[in-house]
Amino acid sequence: KCGVYRLKQATTELGNERNRSKVLATGVENLNPGGPSYPGELTMVDSLLFFMAADENGPEQLYRSDGTSEGTQWVFDVDPDALEQFHMLTAAGGLLYFRTSRPLIFTELWVSDGSTENTHMVDDICGDIWISYPHELIDFNGSLVFIAVDCATGDETLYITSGLNGSVSQVGGQLVRELMSTGDLLFFSAHFEDYGSELGASAGSSFDVTRASDINIGEGSSNIFHITQVDSKLFFRAYEPDHGAELWSYELSLASILMV
């Protein structure tokens, strides 16, 4: 049966074996008595679990839960017209951020503190000029950083927001994608004038966008993909003419880059 469950640890004694551990699944709440609730996009914000589920009111309902039936509560009808397929629930700074689409507004960024009255759109970023289409939402030191449309050019750029009633600020960067944060550093792929698409970085609270590589030397793009951190290094795929698309690494402590 499709619903919301929690796992708990239990012990038993079988023959000469003591304290054999087993996992029991217990139902938390039947959200949709008329059919399956299909809970998804499970996201922890501090001690609360947020998720999307279907109920008698519609297919895209936001719920929160503390793991008990009494503490599982409906929060908001996120998408009454079922216009958005991926809501991208993301925790940052003790709040839940997500994107959803509404008629005439379309896909924009929303925020919630877990209450119905404090679940609202953060900003209609570009107004009637563009649909901002926020994506790649990530927590960066308690603020939410995400990619959305540059209202002036229509390209993808970086934005930041924080707080329940915080404003949205454009950080910068052109044709940004592949966000990855580590400590006080934010890494991504971006287009730089005279260098093409290369590894970009932004540090601390200033959020100045800087170029961290020139793998395909000159105006050619290195086309960074799959930025992943392993210990003190970043690994990613990059292109340069002599070897094609290969695995590269970036040493965080030394800011050095080389082909693996």
task: Heavy atoms only: give me the nearest R64-G114 pair and the separation to one decimal.
output: NH1-O, 3.0 Å
message: For D66, is there any backbone N or O sitting under 3.5 Å from a side-chain donor or acceptor partner on T68?
response: no
Residues forming a side-chain contact (heavy atoms from CB on, under 4.5 Å) with T182, sequence neighbours excluded: M180, L185, F187, Q229, L252
Beyond-backbone contact of M88 with F146, side-chain heavy atoms, under 4.5 angstrom: no
message: Taking the six-membered ring of Y133 as reference, does the cationic atom of R99 (NZ for Lys, CZ for Arg) lie under 6.0 Å from its centre and within 45° of its axis?
response: yes
- prompt: Honestly curious: do F76 and L48 fall in one hydrophobic cluster under the side-chain, below-4.5 Å linking rule?
  reply: yes
message: Main chain of A212, side chain of E198: is a donor-acceptor contact present, judged purely on distance under 3.5 Å?
response: no
- request: Measure across R177 and F188 and return the closest heavy-atom pair with its distance rounded to 0.1 Å.
  value: O-CB, 3.4 Å
message: In the structure I gave you, are the side-chain heavy atoms of I138 and L186 within less than 4.5 Å of one another anywhere?
response: yes
statement: Heavy atoms of N216 and P241 approach each other most closely as OD1-CD, 3.2 Å
- request: For the pair Q61 (side chain) and D55 (backbone), establish whether a donor and an acceptor sit closer than 3.5 Å, ignoring hydrogens and angles.
  value: no
task: Describe, in one word, how the ring planes of Y63 and F51 are oriented to each other, choosing from parallel (under 30°), tilted (30 to 60°) and perpendicular (over 60°).
output: parallel
task: Verify the neighbour count for atom CD of E56: are there more than 12 heavy atoms of other residues, nucleotides or ligands below 6.0 Å?
output: yes
Expected output: side-chain S222 to main-chain S197 donor-acceptor under 3.5 Å: yes
